[in-house]
Amino acid sequence: MATGTEPPATDPRPRGGGVHTPTRAAIRAPHLRTDRWWLAPAATAAGLLAFVVYSTWRAFANADYYAAPYVSPFYSPCLAENCEPMRGGPNWELFGGWWGISPAIVILVFPLGFRLTCYYYRKAYYRGFWASPPACAVAEPHKKYTGETRFPLVLQNLHRYFFYAALLVALILSYDTVLAFRDEHYAWGHMGLGTLVFLANIVLIWAYTLSCHSCRHIVGGKLKHFSRHPLRYRMWRLVGRLNARHMQLAWASLVSVGVADLYVYLVASGVFDDPRFF
C-alpha cells in the first residue's frame, strides 16, 4: 500500500538543491514551511559576523587595551614583551621580544577555539553560514553529508581540551576583575563603572564555561550510580541547569566580553573618564 512517500515510477527523484536519498520523503519542494524560518539563521549570521569583524579589528589594533586598572579581556594575559606595562597585571612575557605583532593574537586562540568548537556555536554557524541545515524541516543545499568526519570539522573533537584552556582563561579574567577594584593610581578599595562591567562579564564567562556540555560530562559522566556519588550528583544537576541555558549564556557572554573590551578602549583612548562610585 502506498504511503505517499514513495516517488512515482515515472517521476525521477529531484536532483540538486538538498540531500535526497531513498530513505527521505519524496518531496520535490526544498521545504514546506510557510513561516519566516530564514530570520533566525540570518540574525545568527549577522550577530556572529559583527563580533568577528569587531574582535578582528581590536585584536590587530594593538593599542588602547589598557587603562589602569582595566585591561581588555582580548589582551589578557599578555604573553609578549611588546605589551603595555600593567602594574600588578597579567604581564607574562613568555614569548620574549621576537613576537612583533599584536599580543592579543596569542591568547585569543584559546577562547576562540573553545567557542568555535562549542556545541551551540556549531549549530549557530552551521545554520547561519553553511546552511547545514538552515532550519528544521528544511533540506540542506548540499549533495552529500559527511558530518564531522573529515577535515576541518573533525577538529571539533578538540572541544573537551579547549574547555580546560577556557577554565584557565576564566581564572585569569577573574584575577583581572579583582584588580578592577583599584583606582588609576593602583590604590585598593575603589570601584568604578568599569568594575561593574568587569563583574558582569566574569559572571557570564563563568556561567557560559560551566554550562558547557564537556563540563557536564566531566562532572557526572561515567557514573552508573548517582546514589553512590551524592556530591557529584549535586554538581551535575547544577551544571545541568546551566546547560539548559547554554544558548542564552553563549550570546550573553559573547556580548559582555565585547562590551568589556569596548569600555577599556573608550577609556584608554580618552573618549571619557571612568566614573568612580567610591
Side-chain angles (χ1 to χ4, degrees), residues 17-21 23-25 27 30-56 108-167 169-170 201 204-221 236 238-259:
V19 179
H20 297 284
T21 64
T23 59
R24 297 200 176 190
I27 301 175
H31 62 85
L32 300 178
R33 294 185 61 168
T34 58
D35 62 326
R36 296 180 179 179
W37 58 267
W38 49 269
L39 281 178
T44 297
L48 292 178
L49 185 61
F51 182 81
V52 168
V53 171
Y54 172 78
S55 60
T56 301
L108 281 178
V109 172
F110 301 103
L112 284 180
F114 177 62
R115 287 185 181 266
L116 284 175
T117 58
C118 164
Y119 287 100
Y120 168 70
Y121 279 111
R122 296 186 206 183
K123 170 187 171 182
Y125 60 75
Y126 282 4
R127 290 189 173 187
F129 293 98
W130 296 344
S132 181
C136 294
V138 179
E140 297 183 7
H142 310 291
K143 293 183 178 180
K144 61 180 179 179
Y145 175 76
T146 58
E148 297 175 346
T149 61
R150 297 183 179 181
F151 182 85
L153 297 185
V154 70
L155 298 178
Q156 304 283 28
N157 293 316
L158 296 175
H159 180 63
R160 69 195 70 178
Y161 305 108
F162 276 119
F163 169 72
Y164 296 109
L167 285 179
V169 171
N201 178 57
L204 290 172
I205 289 292
W206 273 113
Y208 165 67
T209 304
L210 296 180
S211 69
C212 168
H213 294 74
S214 293
C215 179
R216 190 167 182 258
H217 177 73
I218 291 171
V219 171
W236 179 79
L238 175 62
V239 174
R241 285 194 290 269
L242 289 174
N243 183 258
R245 300 287 185 269
H246 196 49
M247 179 184 73
Q248 293 88 339
L249 292 172
W251 279 105
S253 60
L254 190 72
V255 172
S256 71
V257 73
V259 169

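Numbers here are sequence positions counted from 1.
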Is [X] reaching over with its side chain to a backbone N or O of [Y], donor-acceptor style, under 3.5 angstrom?
X      : Y      : value
Arg122 : Thr117 : yes
Thr209 : Trp206 : no
Tyr120 : Trp251 : no
Tyr125 : Leu116 : yes

Heavy-atom closest pair, residues [X] and [Y]:
X      : Y      : result
Gly258 : Tyr54  : O-OH, 3.8 Å
Tyr121 : Ala250 : OH-O, 2.8 Å
Arg127 : Pro133 : CG-O, 2.8 Å
Pro141 : Pro134 : CD-CD, 4.5 Å
Arg115 : Ser253 : NH2-OG, 2.8 Å
Ser256 : Leu204 : CB-CD1, 3.6 Å

Let me have the donor-acceptor pairs involving side chains of residues 210-221, under 3.5 Å, with sequence neighbours excluded, atom names and distances please.
residue: Ser211; atom: OG; partner: Ala207; partner atom: O; Å: 3.2
residue: Ser211; atom: OG; partner: Tyr208; partner atom: O; Å: 2.8
residue: Ser211; atom: OG; partner: His246; partner atom: ND1; Å: 2.6

Query - Test log, rule side chain to side chain contact (heavy atoms under 4.5 Å, CB included), inputs Val257 and Phe51 - result: CA-CA 10 Å; Val257 73; Phe51 182 81; 4.1 Å; yes
Query raised in the report: For Glu148 and Tyr126, does a side-chain donor sit closer than 3.5 Å to a side-chain acceptor?
Result: yes
Query raised in the report: With a cut-off of 6.0 Å (strictly less than), are more than 12 heavy atoms of other residues, nucleotides or ligands near OH of Tyr161?
Result: no
Requested in this report: Measure the CG-CD1 distance between Leu249 and Ile205 for me, rounded to the nearest 0.5 Å.
Outcome: 10.5 Å
Requested in this report: Write out all pairs satisfying salt bridge (Lys or Arg N to Asp or Glu O under 4.0 Å) with one or both partners inside residues 35-52, taking only residues at least two apart or from two chains.
Outcome: Arg33-Asp35
Requested in this report: Just do the side chain to side chain contact (heavy atoms under 4.5 Å, CB included) check on Leu48 and Phe129 with the steps written out, would you?
Outcome: CA-CA 10 Å; Leu48 292 178; Phe129 293 98; 4.0 Å; yes
